[in-house]
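The block underneath contains the structure these notes are about, expressed in structure tokens.
Atoms within each ligand, like the ligands themselves, are counted from 1 in listed order.
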Amino acid sequence: TAKQKQSGTMVYHPGLDAHSQESLSLLSELRRAVEHNELRLYLQPKVDLHTGRILGAESLVRWQHPQRGLVPPMLFIPFAEQTGFIRTLTTWIIEQSARAWREMYAHGLDLRLSINLSTRDLLDQDLPAKLEQLIKTHDMNAQVLCLEITESAIMDDPQRAQQTLERLHELGFKLSIDDFGTGYSSLAYLKRLPVHELKIDKSFVMAMERDLDDAKIVRSTVDLAHNLGLRVVAEGIETAKAWKLLDALHCDEGQGYFIAKPMPEQEFVAWVQAWQA
Ligand code: C2E
Ligand code: CA
Ligand code: CA
Ligand code: CA
């Protein structure tokens, strides 16, 4: 396929057989990536849409491949989920996020970091204990970490997901429903989960300026979140107009290319200082 030609054996594609040669070599490349520090932590700021203040950032992983350059997560995260390697990746990302949080804190920034969890992570019985240990090691408060979970990851095994989420909530972590509106969630079910925030999927946000239906979906999601006592975040803000519209709809927070693209963590502190100056 075109994708294979472009990137050799390394990319995930839907037809990839988990036991094929291609798949085995991708898995060994990923193992090497972790051992040889080829993964990079990128951060994308989240702002208060009313005041413009920076509230935190989302941690997003990239793979700095020695031959292929910067590989986006969609080319290896789905594969990592399929093979179970995602647990290693998630451990890496939470450790790096905690370390980055410490460094930002040392620079006088008290921000919240959001971390993406996958289906497999929600089924991992050890995850709450791992996260608990992590915040002890880095002497941080659990509530500075927000864990983003998609509706479909929850619906894979709702009972087990609920147990994990309850445990994470008891430990003090904030929980967010990511890509809200794209999954097959049951609102009755979501109501019972100890979540703190809904994140409106970028497909609605990016379309709302030209499509009235998308604008209505955004408006009703904001109202739904607020009626349930949740904070609401819009991702995919690409224009000043989108920001204005979302603020007018009382959406609390936003994230998107108009504010900043995800950037290497080393650039983040200077970026925040310049933004706030
Ligand atoms: P996501 O969790 O929905 O993350 C938001 C994605 O939207 C990011 O893509 C971000 O760069 C992109 N985005 C943000 N603002 C805009 C905008 O204004 N316009 C457009 N067009 N895009 C915007 P990215 O970094 O390529 O990540 C893609 C997906 O890969 C993420 O979607 C998430 O599902 C997954 N992912 C990334 N890092 C991790 C990770 O560390 N762990 C896990 N489990 N998944 C991750
Ligand atoms: Ca996310
Ligand atoms: Ca999202
Ligand atoms: Ca998404």
Does a side-chain N-to-carboxylate-O contact under 4.0 Å join Glu35 and Arg32?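 Salt bridge: no.
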Compare [options] and give the one whose heavy atom is closest to [atom].
| atom | options | value |
| --- | --- | --- |
| atom 41 (O) of ligand 1 | Leu60, Leu41, Ile93 | Ile93 |
| atom 37 (C) of ligand 1 | Pro73, Ser203, Ser176 | Pro73 |
| atom 21 (N) of ligand 1 | Glu238, Glu148, Met74 | Glu238 |

Return yes when Lys199 approaches ligand 1 closer than 4.0 angstrom through a heavy atom, no otherwise.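 So Lys199 does not count as touching ligand 1.
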If the contact criterion is a heavy-atom separation under 4.0 Å, does Pro72 count as touching ligand 1?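 Under 4.0 Å: no for Pro72.
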Can you tell me which residue among Phe76, Tyr42, Phe79 is in a ring-ring contact (aromatic ring centres under 6.0 Å, His included) with Trp63?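 With Trp63 as partner, ring-ring contact (aromatic ring centres under 6.0 Å, His included) holds for just one option, Phe76.
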Go through the steps to decide whether Ile149 and Leu122 satisfy the test side chain to side chain contact (heavy atoms under 4.5 Å, CB included), and finish with yes or no. CA-CA 9 Å; Ile149 306 119; Leu122 285 180; 3.3 Å; yes
Kindly confirm or rule out an N or O of Tyr257 lying under 3.5 angstrom from an N or O of ligand 1.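 N/O-N/O distance below 3.5 Å exists for this pair.
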I'd like to check whether Val61 has a polar contact with ligand 1, where a contact means an N/O of the residue lying under 3.5 Å from an N/O of the ligand.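 N/O-N/O distance below 3.5 Å exists for this pair.
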Throw together a table of side-chain donor-acceptor distances under 3.5 angstrom for residues 239-262, partners on residues two or more places apart or in other chains.
{"residue": "Thr239", "atom": "OG1", "partner": "Glu209", "partner atom": "OE2", "Å": "2.6"}
{"residue": "Thr239", "atom": "OG1", "partner": "Ala242", "partner atom": "N", "Å": "3.0"}
{"residue": "Trp243", "atom": "NE1", "partner": "Leu49", "partner atom": "O", "Å": "2.9"}
{"residue": "Asp247", "atom": "OD1", "partner": "His50", "partner atom": "ND1", "Å": "3.2"}
{"residue": "Asp252", "atom": "OD2", "partner": "His226", "partner atom": "NE2", "Å": "2.9"}
{"residue": "Asp252", "atom": "OD2", "partner": "Val232", "partner atom": "N", "Å": "2.8"}
{"residue": "Glu253", "atom": "OE2", "partner": "Arg231", "partner atom": "NE", "Å": "2.9"}
{"residue": "Glu253", "atom": "OE2", "partner": "Arg231", "partner atom": "NH2", "Å": "3.0"}
{"residue": "Gln255", "atom": "OE1", "partner": "Lys199", "partner atom": "NZ", "Å": "2.9"}
{"residue": "Gln255", "atom": "NE2", "partner": "Gln44", "partner atom": "OE1", "Å": "2.8"}
{"residue": "Gln255", "atom": "NE2", "partner": "Glu58", "partner atom": "OE1", "Å": "2.7"}

Please list, in chain and residue-number order, the protein N/O/S atoms closer than 3.0 Å to the Ca ion (ligand 2).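 Within the sphere that stays under 3.0 Å of the Ca ion (ligand 2), the protein atoms of type N, O or S are Glu58 OE2, Asn116 OD1, Glu148 OE1, Asp178 OD2.
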Keeping to residues at least two apart or across chains, list the salt bridge (charged side-chain N to carboxylate O under 4.0 Å, His left out) pairs with something in residues 264-277.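 Sorted pair list: Arg99-Glu265.
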Quick one: does any side-chain atom of Arg40 pair with a main-chain N or O of Pro264 as donor and acceptor, under 3.5 Å?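 It does not hold such a pair.
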Tell me, with the steps shown, if Lys130 and Asp124 meet salt bridge (charged side-chain N to carboxylate O under 4.0 Å, His left out). CA-CA 10 Å; Lys130 249 191 243 172; Asp124 178 0; 3.4 Å; yes
Would you say the side-chain atoms of Thr90 and Asp121 include a donor-acceptor pair closer than 3.5 Å?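 Yes - a donor-acceptor pair under 3.5 Å links their side chains.
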Identify, with sequence neighbours excluded, every residue that meets ring pair (Phe, Tyr, Trp, His ring centres under 6.0 Å) alongside Trp271.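 Only Trp275 meet the ring pair (Phe, Tyr, Trp, His ring centres under 6.0 Å) criterion with Trp271.
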Atoms of ligand 1, numbered as shown, that sit under 4.0 Å from any heavy atom of Asp179: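 Going through ligand 1 atom by atom, the ones under 4.0 Å from Asp179 are 3 (O).
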Side chain, backbone, both or neither: which part of Asp178 has a heavy atom under 4.0 Å from ligand 1?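 Near ligand 1, Asp178 shows its side chain, while the N, CA, C and O stay back.
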